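Structure, as C-alpha cells:
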Amino acid sequence: MHENLETIIRKGFYSWVRNLNICIPFILNFFVDLILLVLFLVLLSTLLLASNTGNVVNTVSLSQKEILSTLLERFTENSIFSILLILLFFLIGMFIQSFFTAGAIAMAKKASETGDAPLSDMFTSGSKNAFRFFLTTLLITLLELGGIIFLVPGVLIVEDLSALIENPIAQMQGTGIITIGLTLLGIYIVAISIVLSPTLYALVIDGLGIFEALSAGFHFFMKNKMDVFLIWIIFTVLSSINILVSGYADPGSILVSWFTSLLPVVIIQPLKTVIWTRIYVSKEGQKLYDPSYLLSYSDKGKEALK
C-alpha cells in the first residue's frame with residue numbers, strides 16, 4: 001500500500017496517539033543517560049582533582065576561577081586518560097541509545113502493521129539490532145566527520161590558529177577560506193543527514209546488515225527525495241524551536257527547563273519514529289493497517305450490538 005505524504009503524516013499521527021507507549025524507550029534512554037552523566041562527572045572529577053600523591057584536592061577553599069584553572073591544568077596533565085574516559089562514555093551512551101531506538105522503531109513498525117505497539121517488541125528488537133544499529137550510527141557519524149577535510153585549506157594557509165583567534169582581521173585571507181570551509185562542512189553534514197536519514201529505519205524494519213542498510217537508505221532517498229526532505233525539515237524545525245525556547249527561557253524557570261527537556265523525549269522523538277517508520281513501510285509497499293479504522297472500531301462495535 002502506497003500513501004501520499006499527507007496521508008502518511010495524518011495516519012502516522014493517529015497511530016502515535018493510539019500508541020503513546022512508544023515514548024517509553026526514549027524515556028528509559030533519557031534516565032539511563034542521566035545516570036551515565038552523573039557517573040561520568042564523578043569519575044572525571046576524581047581523575048582531575050586527584051593529586052600526584054593520590055590525595056584529592058580540597059576545593060572548598062578555592063574560588064570558582066581557581067577550581068576551573070585547577071581542572072584545566074589537571075586535564076592537560078591527564079589528557080590521555082581524560083580523552084579515553086570521554087570516548088568510552090560517549091560510545092556506551094551511543095550503544096544504549098541504539099538499543100532503545102531500535103526497540104522504538106520495532107514498536108512503530110508493529111503499530112503501522114497491526115495498530116498496536118507491544119512493549120515486548122522493544123526488548124526483542126533492541127537485543128537483535130542494537131549492535132548493528134550502533135555500528136551503523138558510528139559509521140554515519142564518521143562519514144559526517146569526514147567533512148572536516150573542507151577546513152584543511154584554511155588551516156594550512158593560516159598555520160597559526162591562535163593568531164587568527166586573537167586578530168582575525170590581520171588574517172583576512174585565511175579567515176575567508178576557513179569561513180567557506182565551515183559553510184561547506186555544514187552543507188555536507190546536512191546533506192549526509194538527509195540522504196542517509198532512512199538508513200536506520202531500513203536496518204530495523206527489513207533486518208538488514210550495515211552496508212545493506214546504508215545502500216537501502218540511499219536508494220530510498222533517491223526514490224522519495226521530496227518526501228524525505230520534507231519530513232526531515234518538519235522534525236528539524238520542531239527540534240530547533242524547542243532548543244530556541246530552552247535558550248531564551250528564564251534560567252531560573254524549572255518548569256520550562258523540564259518541559260523543554262522532556263518534550264523531545266515524550267513527544268517529538270516518538271512521533272518522529274512513527275512517521276519515519278510509516279513513510280518507509282508505505283513507500284516500500286509493505287503491510288499497513290489503517291489507524292483511523294482502529295479509532296472508530298469500538299464505536300462500530302457498539303452500533304453492531306444495537
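No hydrogens, no waters, no symmetry mates; every other heavy atom, side chains included, goes into these values. Nothing here was measured: the structure is a model prediction, and the numbers come from that model.
Distance alone, capped at 3.5 Å, places no donor-acceptor pair between the Ser246 side chain and the Asn242 backbone. Of the possible donor and acceptor atoms, one in the side chain of Lys225 sits under 3.5 Å from a partner among the backbone N and O of Met222.
Tracing side-chain contacts under 4.5 Å through hydrophobic residues (I, L, V, M, F, W, Y), one reaches Met226 starting from Ile194; they form part of the same cluster.
Between atom CZ of residue Arg278 and atom NZ of residue Lys283 there is a gap of 11.5 Å, rounded to the nearest 0.5 Å. Here CZ of Arg18 is found 14.5 Å from NZ of Lys11. Values are rounded to the nearest 0.5 Å. Annotation: the span from Ile86 atom CD1 to Leu91 atom CG amounts to 12.0 Å, rounded to 0.5 Å. Leu145 CG to Leu185 CG: the interatomic distance, rounded to the nearest 0.5 Å, is 9.0 Å. A distance of 7.5 Å separates CG of Leu139 from CD1 of Ile210, quoted to the nearest 0.5 Å.
Nearest heavy-atom pair across Lys272 and Tyr201 is O-OH, 4.1 Å. The heavy-atom pair separating Trp276 from Ser197 by the smallest distance is CH2-OG, 3.4 Å. Between Phe220 and Ile279 the shortest heavy-atom distance is CZ-O, 3.6 Å. Across all non-hydrogen atoms, the minimal contact from Gly126 to Ala102 is CA-CB, 4.5 Å. Between Met107 and Pro118, the closest heavy-atom pair is CG-O, 3.7 Å.
At a threshold of 4.5 Å between non-hydrogen side-chain atoms, the residues Phe99 and Pro25 do not count as touching. Residues Ile96 and Phe100 form a side-chain contact, since some pair of their non-hydrogen atoms from C-beta on lies under 4.5 Å apart. Contact check for Ile35 versus Phe31: no side-chain heavy atoms found under the 4.5 Å cut-off. For the pair Val204 and Leu200, the minimum side-chain heavy-atom distance is 4.5 Å or more.
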Pair Val266-Phe26, side chain to side chain contact (heavy atoms under 4.5 Å, CB included): steps then yes or no: CA-CA 7 Å; Val266 177; Phe26 299 103; over 6 Å; no

Check the pair Ile275, Ile231 against side chain to side chain contact (heavy atoms under 4.5 Å, CB included), reporting the backbone distance first and the verdict last. CA-CA 8 Å; Ile275 297 295; Ile231 293 294; 3.6 Å; yes

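A donor-acceptor pair shorter than 3.5 Å can be found between the side chains of Ser125 and Asn129.
The aromatic rings of Phe229 and Trp232 sit parallel, their planes meeting at an angle under 30°, below the 60° perpendicular limit.
With Ile140 as the fixed residue, the side chain to side chain contact (heavy atoms under 4.5 Å, CB included) test singles out one of Thr136, Leu138, Thr137: Thr136.
Counting heavy atoms of neighbouring residues, nucleotides and ligands inside a 6.0 Å radius, atom CG of Leu41 exceeds 12 of them.
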